[in-house]
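These notes are about the structure you will find just below.
These numbers come from the heavy atoms of this one structure, side chains and all, not from hydrogens, waters or symmetry mates.
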Amino acid sequence: MKYENIKTATFLKRPNRFIAHIEVDGREEICHVKNTGRCRELLTDRAKIYVQQSDNPNRKTKYDLITVLKGKTLINMDSQAPNKVFHEWLIEGNFFEEITLIKPECKYKNSRFDFYIEAKNRKIFAEIKGVTLEENGVVMFPDAPTERGVKHINELIECKREGYEAYIFFIVQMESCKYFTPNRKTHPNFADALIKARDFGVNIIALNCTVTPDILKIKDNVPVDY
């Protein structure tokens, strides 16, 4: 995916989950943060960031925070981006052969999954998780406890029991990383649920991305370590 109207800026502070104060074009502005995670290791004092400028006069904020430079690594922070780039990746013919149907936000019983996919005679449910947390080259999810994430994993196990293929794709919103692992320290129940899902036959896939200030594109498989 490609972003338009990207500008270089400096992060100043984040008074709440939804907005940040930034410096852009020599002025302090309010910016919408498209990620409600903690992101404390990314949004450090005067971090170099890239923001998208909106031309909509009715918006409360003129900018959206898209990408941050952590050391020498560009990390995309847009929490809506993983589903979009995954959808693009599927349409380009990746991973599943002969796709005949891609249905985002698909309801199944009392659940709603990010994607339902049909390919040849296969029926597949997939959940997508964006990954922005990195420590010493290791990327992890989640960066905060997520009971919703545990619920999604257990629901995918139920799909597998009923004969569907089930996948969890961790979209690593950066390029440089050694491997992916669930963040047991932050949420041990999520790590346990992921191992249970793996053992039950749910496919756990991690994919890194090519990241520039205005582009996010899925690149390669990343090793998964439990």
So, do [X] and [Y] sit near enough that their side-chain heavy atoms are less than 4.5 Å apart?
X    : Y    : value
T36  : S79  : no
K13  : L43  : no
R17  : V33  : no
F113 : H152 : no
I153 : F190 : yes
E158 : S111 : no
V131 : F180 : yes
T186 : P145 : yes

Does the pair H32 and S54 meet the rule for a side-chain contact (heavy atoms from CB on, under 4.5 Å), with working shown?
CA-CA 11 Å; H32 175 229; S54 172; over 6 Å; no
Do E88 and K84 meet the salt-bridge criterion of a basic N to acidic O distance under 4.0 Å?
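Between E88 and K84 there is no salt bridge, as every charged N stays at least 4.0 Å from the carboxylate O atoms.
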Straight-line distance of [X] [atom1] to [Y] [atom2], nearest 0.5 Å:
X    : Y    : atom1 : atom2 : answer
E127 : F86  : CD    : CZ    : 10.5 Å
I102 : T100 : CD1   : OG1   : 9.0 Å
L42  : I75  : CG    : CD1   : 4.5 Å
L194 : I168 : CG    : CD1   : 5.0 Å

For the pair K120 and E97, evaluate salt bridge (Lys or Arg N to Asp or Glu O under 4.0 Å) and give the outcome as yes or no after the intermediate values.
CA-CA 7 Å; K120 291 187 178 180; E97 294 182 357; 3.7 Å; yes
Do [X] side-chain atoms and [Y] backbone N/O form a donor-acceptor pair below 3.5 Å?
X   : Y    : result
K70 : E134 : yes
T44 : A47  : no
R14 : R40  : no

Can you name the nearest heavy-atom pair linking [X] to [Y], along with the distance?
X    : Y    : value
P15  : A20  : CD-CA, 4.3 Å
T132 : M174 : O-CE, 3.6 Å
N16  : F18  : OD1-N, 2.8 Å
G37  : N35  : N-OD1, 2.8 Å
P213 : I66  : O-CG2, 4.5 Å
N183 : P142 : ND2-O, 2.9 Å

Test applied, side chain to side chain donor-acceptor pair (under 3.5 Å); reference residue, D64; option that passes from Q53, Q80, R59:
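Only one of Q53, Q80, R59 forms a side chain to side chain donor-acceptor pair (under 3.5 Å) with D64, namely R59.
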Side chain to side chain donor-acceptor pair (under 3.5 Å) contacts in which one or both residues fall within residues 135-150, not counting sequence neighbours
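Qualifying pairs, neighbours excluded: E147-H187.
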Would you mind listing every side chain to side chain donor-acceptor pair (under 3.5 Å) that reaches into residues 18-29, with sequence neighbours excluded?
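For residues 18-29, and leaving out neighbouring residues, the side chain to side chain donor-acceptor pair (under 3.5 Å) pairs sorted by first residue read K7-D25, H21-E28, R27-E29.
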Would you tabulate the side-chain donor-acceptor contacts of residues 219-226 under 3.5 Å, counting partners in other chains and residues two or more places apart, or write 'none'?
from: K219; atom 1: NZ; to: E175; atom 2: OE2; distance (Å): 2.4

I49 vs I22, test: side-chain contact (heavy atoms from CB on, under 4.5 Å). Steps then yes/no.
CA-CA 9 Å; I49 58 174; I22 65 170; 3.5 Å; yes
Residues V68, F11; criterion side-chain contact (heavy atoms from CB on, under 4.5 Å); working and verdict:
CA-CA 9 Å; V68 61; F11 173 78; over 6 Å; no
How about Y108 and F125: are their ring centres within less than 6.0 Å of each other?
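Yes, the ring of Y108 comes within the 6.0 Å limit of the ring of F125, centre to centre.
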My understanding is that a hydrophobic cluster links ILVMFWY residues whose side chain heavy atoms are under 4.5 Å apart, including indirect links. Using that, what else belongs to the cluster containing L133?
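The other cluster members (ILVMFWY side chains, heavy atoms under 4.5 Å, direct or chained) are V138, M140, Y179.
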Is [Y] reachable from [X] through a run of hydrophobic residues whose side-chain heavy atoms are each under 4.5 Å from the next?
X    : Y    : result
V24  : L12  : no
L207 : V211 : yes
L216 : F170 : no
I171 : I215 : no
I218 : F141 : no

Check each of I124, L156, D114 against Y167 using the side chain to side chain contact (heavy atoms under 4.5 Å, CB included) test, and report the only one that passes.
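Output: one option passes, namely I124.
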N121, CG: over 12 other non-hydrogen atoms inside 6.0 angstrom:
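No, CG of N121 has 12 or fewer neighbouring heavy atoms, counting only those of other groups under 6.0 Å.
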Do other residues, nucleotides or ligands put more than 12 heavy atoms under 6.0 Å from K185 NZ?
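No.
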Just to verify, what does E4 make a salt bridge (charged side-chain N to carboxylate O under 4.0 Å, His left out) with, not counting sequence neighbours?
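Scan of E4 (salt bridge (charged side-chain N to carboxylate O under 4.0 Å, His left out), adjacent residues dropped) gives none.
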Could you work out, with salt bridge (charged side-chain N to carboxylate O under 4.0 Å, His left out) as the rule, every residue matching K34, not counting sequence neighbours?
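Scan of K34 (salt bridge (charged side-chain N to carboxylate O under 4.0 Å, His left out), adjacent residues dropped) gives D78.
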Side chains of Q173 and N76: do they bring a donor and an acceptor to under 3.5 Å?
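Distance-only check passes for Q173 and N76.
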Relative to each other, are the rings of [X] and [Y] parallel, tilted or perpendicular (30° and 60° limits)?
X    : Y   : answer
F169 : F96 : perpendicular
F115 : H87 : perpendicular
F95  : W89 : tilted

